[in-house]
Number of protein chains: 2
Amino acid sequence: MTRLPTVSDVATAAGVSRQTVSNVLNAPDVVRPETRERVLAAVSELGYRPHASARRLRTQQSSTIGIRLDPMTDGISGVVLDRFLHALTAQADALGLRVMLFTAAGPEEEIAQFRRLSDGADVDAFVLTSTFEGDPRTEWLIEHGQRFVTFGRPWGVDDMEDPQHLWVDVDGRAGLRAATRHLLDEGLRRIAYVGWPSPSGTGDDRHAGWRETMREAGLDDDELDALEARTPEGVPHGAEALRAVEAATGGAVEGVVCSSDSLALGALLAARGRYPVIGYDNTPVAASIGMSSVDQPLEQVATGVLELLTGAHGGRVRHDGEPVGDPRHRLLEPRLVPRELQVAPA
Amino acid sequence: MTRLPTVSDVATAAGVSRQTVSNVLNAPDVVRPETRERVLAAVSELGYRPHASARRLRTQQSSTIGIRLDPMTDGISGVVLDRFLHALTAQADALGLRVMLFTAAGPEEEIAQFRRLSDGADVDAFVLTSTFEGDPRTEWLIEHGQRFVTFGRPWGVDDMEDPQHLWVDVDGRAGLRAATRHLLDEGLRRIAYVGWPSPSGTGDDRHAGWRETMREAGLDDDELDALEARTPEGVPHGAEALRAVEAATGGAVEGVVCSSDSLALGALLAARGRYPVIGYDNTPVAASIGMSSVDQPLEQVATGVLELLTGAHGGRVRHDGEPVGDPRHRLLEPRLVPRELQVAPA
DNA sequence: CTGTTAGCGCATTCAC
DNA sequence: GTGAATGCGCTAACAG
């Protein structure tokens with residue numbers, strides 16, 4: 001591994017000045033075609049590639065996105081971040097952006113990392129995941145003028161419309177509506193809900209999707225109260241919760257929708273194949289055992305995040321000239337992936 | 001977000017030259033204590049932090065590790081990379097190293113990324129995961145003098161001892177030996193094995209662990225042949241495979257060890273609680289349903305990878321003065337995590 | 001111990 | 001169109 005070629009080397013090889021080389025790379029149309037060809041030939045012959053740090057220093061932008069790797073791999077749903085990260089990295093690369101990782105034990109420590117990374121000009125934008133109500137991170141970022149986008153809505157009432165806060169999220173309510181409707185359409189009626197306890201931004205949102213769909217189907221509040229169970233994340237909790245609902249309804253359950261695949265897996269085991277269970281997140285577990293699940297459009301989330309980050313949305317209009325929604329956030333629709341149980345636990 | 005403070009700013013504030021500031025930060029003992037104090041005070045007052053790109057340009061090292069984010073998290077075991085990545089990032093940070101992500105659809109494309117990242121001086125070391133026999137990636141890296149460490153042994157016979165190839169791996173054979181012994185110690189005898197088809201470096205390694213332990217326990221080859229099933233990754237495959245073993249042995253199975261949690265989950269569902277099943281990777285799924293599994297010491301893997309990468313292993317000796325094995329690689333021992341089934345699928 | 005000087009590789013002024 | 005100069009912020013040579 002000898003010294004890497006520099007602009008000067010390319011210039012010498014092509015018989016032009018350093019400058020011209022720089023122009024060819026950054027403003028191609030300003031250079032005469034034949035000169036350009038010659039320079040490009042030299043570039044590929046020498047295997048030249050601009051020195052990232054030199055460019056970043058000169059341009060004063062790192063073109064690097066910082067994202068925290070969640071410590072919590074507790075839940076089965078940890079894979080969601082993983083898939084998102086993959087999509088984000090791939091799409092960022094296409095835009096000439098890099099993704100840099102960091103870790104933090106909690107919000108405070110994450111803020112300390114924001115400070116380190118931004119003060120050191122390591123990173124010039126952040127992507128946050130799993131936002132929660134009263135999230136101190138976004139507050140800090142706004143206060144310090146940092147560029148960022150969250151995957152997840154700001155659940156606090158005030159923040160929701162903060163123009164400084166760009167976000168992309170998936171409409172969990174619509175997801176649960178779709179799941180519930182799917183079961184209703186199969187002629188099932190007493191669809192139970194197993195989800196996280198309130199208050200929880202995402203949890204309450206998904207719960208609402210089930211509840212309102214069931215009401216539309218004609219069930220009254222008493223029936224619905226008996227059909228729902230709120231419980232913390234975890235497979236055993238899912239199983240317990242479903243058994244509780246069965247007890248409360250006299251075993252009249254005909255189907256279940258859940259706020260996560262973990263809970264769904266528990267419910268599935270408790271249901272023992274007597275009726276369908278639908279999960280959320282479309283994790284590998286769901287796929288492998290053949291459980292239906294709501295899939296988040298992670299590729300689109302990544303696209304949205306990058307658009308918001310790079311400001312590629314500014315003044316966008318549709319063909320008919322109408323502006324494309326609010327340019328400060330995106331709410332994406334998830335998709336139900338219906339499946340037939342592959343491995344019956346009976 | 002105004003302009004970031006530079007060394008000059010700190011120097012002015014502390015009433016010293018730029019240099020001294022640099023010295024305080026990079027060679028503290030070369031500066032008189034009182035001056036040092038004064039400089040450090042200015043540093044923290046201004047919130048100064050060295051500009052990463054400037055430093056990288058100057059020192060000609062990016063202090064950045066590149067790692068590919070695996071495309072498919074198909075298997076349940078995808079979480080393993082995730083946990084490893086987390087450990088790696090956290091420990092790298094403590095060493096002043098950053099972790100940069102990239103993606104690639106296959107080995108060829110990954111090599112193209114190696115080229116881009118190294119030619120651009122974005123990264124000065126790579127960490128590879130899931131190596132396989134005849135892996136073209138390591139060959140390329142060695143040929144091009146790139147610094148790298150693989151998480152996973154080079155499975156080819158020739159490469160195994162290549163002094164250029166630093167690696168860290170987990171002793172899957174020992175893992176399966178521990179799992180098998182655990183069941184034998186409980187008085188069980190006819191322990192089945194469900195694992196990946198041969199040839200597969202990791203697969204054959206784990207298989208050997210089971211097989212040799214069973215032989216030591218006195219079972220003969222015919223019995224063992226009937227007790228083992230080799231099948232591709234996947235929950236349904238695990239279930240099928242176990243049923244096949246049951247058929248072949250007349251239902252005499254008393255326990256199962258597997259080469260992955262996916263297969264184990266399938267086996268577990270097929271076993272319906274009649275006997276214990278042990279998985280591999282200790283994924284969240286295993287933890288949540290209460291399935292025993294072999295845990296890879298990912299924190300230690302990360303430690304080993306970084307030691308090898310930074311060359312911090314040179315000439316290390318133990319308390320008693322004995323050298324600590326071969327400094328070019330590490331083979332770590334996994335640990336069995338025994339559990340009681342939480343959610344019986346019956 | 002401290003200050004001066006000189007680049008790292010690039011992109012962005014300006015003159016030609 | 002092309003060439004020469006300048007500086008991004010830092011550290012590593014030196015000289016005092």
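Per chain, numbering begins at 1; letters A, B, ... match sequence-line order.
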Enquirer: Does B:R18 reach a base, just sugar-phosphate, or nothing at all? Heavy atoms under 4.0 Å.
Expert: base
Enquirer: Strictly below 4.0 Å: does B:Q60 bring a side-chain N or O up to OP1 or OP2 of C:dG9?
Expert: yes
Enquirer: Send over the distance from A:L57 CG to C:dG7 P, rounded to a whole Å.
Expert: 17 Å
Enquirer: When you get a sec, tell me which of C:dA11, D:dT2, C:dC1 is the closest nucleotide to the side chain of A:T35?
Expert: D:dT2
Enquirer: Tell me whether the rings of A:F126 and A:F102 are parallel (<30°), tilted (30 to 60°) or perpendicular (>60°).
Expert: perpendicular
Enquirer: Reckon B:Q19 has a side-chain N or O less than 4.0 Å from the OP1 or OP2 of D:dA13?
Expert: no
Enquirer: Is there a side-chain polar atom (N or O) of B:R58 under 4.0 Å from OP1 or OP2 of C:dG7?
Expert: no
Enquirer: D:dC8 C1' sits how many Å from B:D9 CG, rounded?
Expert: 13 Å
Enquirer: In this structure, how many angstroms lie between the C1' atom of D:dC10 and the CZ atom of B:R55, rounded?
Expert: 8 Å
Enquirer: So, is B:S22 close to the D:dT11 phosphate, meaning a side-chain N or O under 4.0 Å from OP1 or OP2?
Expert: yes
Enquirer: Near A:E139 CD, under 6.0 Å, is it more than 12 heavy atoms from other residues, nucleotides or ligands?
Expert: no
Enquirer: On DNA chain C, compare the nucleotides closest to B:V16 and A:A52; which residue's is nearer the 5' end?
Expert: B:V16
Enquirer: Checking contacts here: which listed nucleotide (D:dC10, D:dG9, D:dT2) is nearest the side-chain heavy atoms of B:P50?
Expert: D:dC10
Enquirer: With a 4.0 Å cutoff (strictly under), does any side-chain N or O of A:T20 reach OP1 or OP2 of D:dG3?
Expert: yes
Enquirer: Would you kindly give the CG-to-C1' distance between B:L25 and D:dA12, to the nearest whole Å?
Expert: 15 Å
